[in-house]
Amino acid sequence: MPLRLYNTLTKSLQPLVPIDPANLTFYTCGPTVYDDAHIGNFRSFLAADLLRRWLESPLCELTTREGTAHRAPAGRRVTHVMNITDVGHMTDDAAGGEHGEDRMAVAGQRLLEAKKSGRLPANVEIDPRNPHQIAAFYADRFVEDARRLGLKVALEAQHDPTLMPRATANIGDAAGTRGMTGMIRRLIERGHAYAVGPGDPGGGGGGQTVYFAVTTFDAYGALSGNTLDRLREGAGGRISEQNQSGKRHPADFLLWKSDPSHLMKWPSPWGEGYPGWHIECSVMSAARLRPDLLGPGGEGGGVGELPDGQPIIDVHSGGEDNIFPHHECEIAQSCAAFNSPRGSGPYAAMWFHPRFLLVEGDKMSKSKGNFFTARDLFEKGVEPAALRLELIRTHYRSNANFTMQGLTDSQRLVDRWRRFAEAAPGGGAATNDSARSEAAQEAARAFADAMHDDLNIAGAIAAVNTFVGFTASPTAEDIQLLRTIDAVLGVLDLERPAQAQTDIGVFLGGLAPDPAVVARLEDRAAARRGKDFKRSDAIRDELLAMGYAIKDAAGGKVEVSRA
RNA sequence: GGCCGCGUGCCAGAGUGGACAAAUGGAGCGGAUUGCAAAUCCGCUGGGGUAACCCUUCGUCGGUUCGAAUCCGACCGCGGCCUCCA
């Protein structure tokens, strides 16, 4: 059965029916770059990456618009775009994004303190007062982490930077002819948005604020369930008075705020200021995935409008917290801009929302001390493959629980699969050929069935383990199958921590060969040669107390890892 | 209060009407290997029986059905959103 996914929009399991099954369009709401991304962020991005890799797998089958099955030919491509939000939005968002402190300024303050206390690497040259430098600093670190975790979009972006667009590069211009200003102008022209403030509402004067008029979009609330009548009830007392005065409806949301005093600001037809939080994704998804709508200049010249009901892109993903308001507002903007006048089109055919990650059973938070960034863990010697597997091996729609035990389990799985993948092919035929090829076929089938069923990753991993367990001495075909499967899971080829070797020890997990440890290893080797096992065991305990676990390996060497 | 996701064995986590005492990992136990470990490999791992088989279990309580972990209802618990957040 072809792939079915849970669609947040319809709240049901549905086949993914792409506009063009040979070339899918996929947009993921990426990170904000005010700080390093944590493992919860990466769990969500990795879930999107897993889906993307599955869509590209030769094992994956999709449904065409004609209702037939579409098996991936040699090149089913997925154009996957993930934005980077580097505009400094406000901290006080209860006020609708118009007040509070600029997040980029807060990040700058933090960087400044880190610099003073020497916590920043010496080679980092960054002016903490320059928001563009702060954003670039964290964006680079994000991309670096993402590549280490095998996020395909980040790997591809090395050759095609347009796959990871920066919000600040898509703001537009003073005339409102392209980018976000272009789309805002278009929304005003089509009657879906309005400008208020000094300089005559609706006129062309500076210093204005632009809002999206939610009542002009019938389908508002379809994604989140927060329809306008429900919102009005729920909103009682929550929305600040000062901010509402200019709005026609309390749920109208910000498209442009004129504020020349803002840290990051750009020219626009409504005055110098900054864009609202939702408009960037509407603009960048269309710009990269549907240039036919916008035309070569970014705005104008394109077809501009789709028949009602036709999706703009195939798949859109983001963390569950994005469902409302962010994605609800994106739908309103994009459909209003490109679909028929009372726009109700679905924007994306499939809405994919991974759930939040817990850590040791608890909500992750800095105050609880269970807050991890990917780089924290890499520094502790966790290898990217283990972290990736740990973050993808729980179904994307459950609250996964990240634990140190789980990380160890994942590491073992990775090691086991690697032994299989790196075994000399065909070394001794323990199993007869027909049983072996049956096992491989069964594994491929079970893996695909599981993945087709809303990305049932646990079932898929079980199929891999059964296969690897059954086949003691893999053939070249067996290894090829594991490779095909791993192109989806994406763990085997990730970078491994360097091993440091001395004459006696092999230091794993990026450990440096500490002379104190080497000396003890030599003492222990001498004791063992003299059959003084009491002493050799005592040395092992000593090392353990120092935080090192050792393991005698073939050839008289000792493998050293963190205890 | 509204909308949504989830609740399975010691743990993580599959299973969504019969082949289920329930995949796959882990932990535990036994064995091979090792001076001993670690790692690796093999077997066992709800209760009872030599066995065919029987009994109890899938948040709780009810219901539908010849039959339910799986469908329906109510309740309880966990998580998310209701204008920051992956």
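A note on names: the letters A, B, ... follow the listed sequences, proteins ahead of strands, and every chain is numbered from 1.
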Under 3.5 Å on both distances, the Watson-Crick or G-U partner of B:rU50: none

Whether A:T403 contacts B:rA12 is assessed here as follows: a side-chain N or O lying under 4.0 Å from the phosphate OP1 or OP2. Is that the case? no

Using a 4.0 Å heavy-atom cut-off across all strands, classify A:G318 as base, sugar-phosphate, or nothing. sugar-phosphate

Can you confirm whether the side chains of A:T484 and A:D486 place a donor and an acceptor under 3.5 Å from each other? no

Would you kindly say whether A:N7 and A:Q14 are connected by a side-chain donor-acceptor distance under 3.5 Å? yes

For A:D532, side-chain hydrogen bond (donor to acceptor under 3.5 Å, both in side chains) partners two or more places apart: none

Counting the atoms with a prime plus P, OP1 and OP2 as sugar-phosphate, which does A:F42 contact under 4.0 Å by heavy atoms, base, sugar-phosphate, or nothing? nothing

In whole Å, what is the span from the CG atom of A:N401 to the C1' atom of B:rC11? 10 Å

Show the distances under 3.5 angstrom between N or O atoms of the protein and N or O atoms of nucleotides 15-20 of chain B.
residue: B:rG15; atom: OP1; partner: A:N456; partner atom: ND2; Å: 2.9

Return whichever of A:R43 or A:K11 has its heavy-atom-nearest nucleotide of RNA chain B closer to the 5' end. A:K11

Watson-Crick or G-U wobble mate for B:rU65, both contacts under 3.5 Å: none

Give the rounded distance in Å between these two atoms: CG of A:D35 and P of B:rA86. 10 Å

Residues at least two apart in sequence or cross-chain that pass ring-ring contact (aromatic ring centres under 6.0 Å, His included) with A:Y138, listed by chain then number, are none

When rounded to whole Å, the CG to P distance for the pair A:L357 and B:rC6 reads 17 Å

Qualifying residues under ring-ring contact (aromatic ring centres under 6.0 Å, His included), relative to A:H278, sequence neighbours excluded: A:F253, A:H326

On a whole-Å scale, what distance lies between the P atoms belonging to B:rG2 and B:rC75? 11 Å

Sequence-aligned protein contact record of nucleotides 24-35 of chain B, with B where the base is within under 4.0 Å of a protein heavy atom and S where only the sugar-phosphate is: SSSS-------B

B:rC3 versus B:rG48 - spacing of their C1' atoms, nearest Å: 49 Å

Which value, in whole Å, describes the distance between the C1' atoms of nucleotides B:rG18 and B:rA69? 13 Å

Strictly by Watson-Crick or wobble contacts shorter than 3.5 Å, is anything paired with B:rG43, and which nucleotide is it? B:rC29

Expressed as a whole number of Å, how far does the C1' atom of B:rG46 sit from that of B:rA39? 31 Å

What pairs with A:S334 under side-chain hydrogen bond (donor to acceptor under 3.5 Å, both in side chains), at least two apart in sequence or on another chain? A:S282

Between A:D86 and A:T168, does any side-chain donor sit less than 3.5 Å from a side-chain acceptor? yes

Test: salt bridge (charged side-chain N to carboxylate O under 4.0 Å, His left out). Region: residues 317-332 of chain A. Which pairs qualify, not counting sequence neighbours? A:E320-A:R355

Please enumerate all protein N or O atoms sitting under 3.5 Å from an N or O of nucleotides 77-80 of chain B, with distances to 0.1 Å.
residue: B:rG79; atom: O2'; partner: A:N399; partner atom: OD1; Å: 3.2
residue: B:rG79; atom: O2'; partner: A:N399; partner atom: ND2; Å: 3.0
residue: B:rG80; atom: OP1; partner: A:K363; partner atom: NZ; Å: 2.8
residue: B:rG80; atom: O2'; partner: A:E320; partner atom: OE1; Å: 3.2

Taking only residues two or more places apart in sequence or in another chain, which ones pass ring-ring contact (aromatic ring centres under 6.0 Å, His included) with A:F352? A:Y396

Please give the distance between the C1' atoms of B:rC78 and B:rU60 as a whole number of Å. 15 Å

B:rU83 pairs with which nucleotide, Watson-Crick or G-U wobble, both distances below 3.5 Å? none

Provide, to the nearest angstrom, the distance between the CD atom belonging to A:E328 and the C1' atom belonging to B:rC3. 11 Å

Within the 4.0 Å heavy-atom criterion, would you say A:T32 contacts the bases, only the backbone, or no part of the nucleic acid? sugar-phosphate

What is the separation between atom NE2 on A:H395 and atom C1' on B:rG13, rounded to the nearest whole Å? 12 Å

As its Watson-Crick or G-U partner within any shown strand, both distances under 3.5 Å, B:rU56 has none

Should the ring pair A:F42 and A:F45 be called parallel, tilted or perpendicular, given that the plane angle runs from 0 to 90° and is split at 30 and 60? perpendicular

Separation between the P atoms of B:rU56 and B:rG25, rounded to whole Å: 30 Å

Rounded distance in Å - CZ (A:F420) to P (B:rC41): 13 Å

For residues 392-404 of chain A, the salt bridge (charged side-chain N to carboxylate O under 4.0 Å, His left out) pairs (sequence neighbours left out) are A:E390-A:R393, A:R397-A:D454

Does B:rC6 have a Watson-Crick or wobble mate here (both distances under 3.5 Å), and if so which one? B:rG77

Taking only the C1' atom of each, what is the distance from B:rG30 to B:rA19 in whole angstrom? 30 Å

What residues form a ring-ring contact (aromatic ring centres under 6.0 Å, His included) with A:W54, not counting sequence neighbours? A:F447, A:H452

Assign A:H38 to base, sugar-phosphate, or nothing according to its heavy-atom contacts below 4.0 angstrom with the strands shown. base

Between B:rG28 and B:rA12, how many Å separate the two C1' atoms, rounded to a whole number? 15 Å

In whole Å, I'd like the distance from the CG atom of A:N41 to the P atom of B:rC84. 17 Å

A:D140: partners by salt bridge (Lys or Arg N to Asp or Glu O under 4.0 Å), with sequence neighbours left out: none

To the nearest angstrom, how far is A:F470 atom CZ from B:rA23 atom P? 19 Å

Does this structure show an ion pair linking A:R562 with A:E383, if we count only N-O contacts that are shorter than 4.0 Å? no

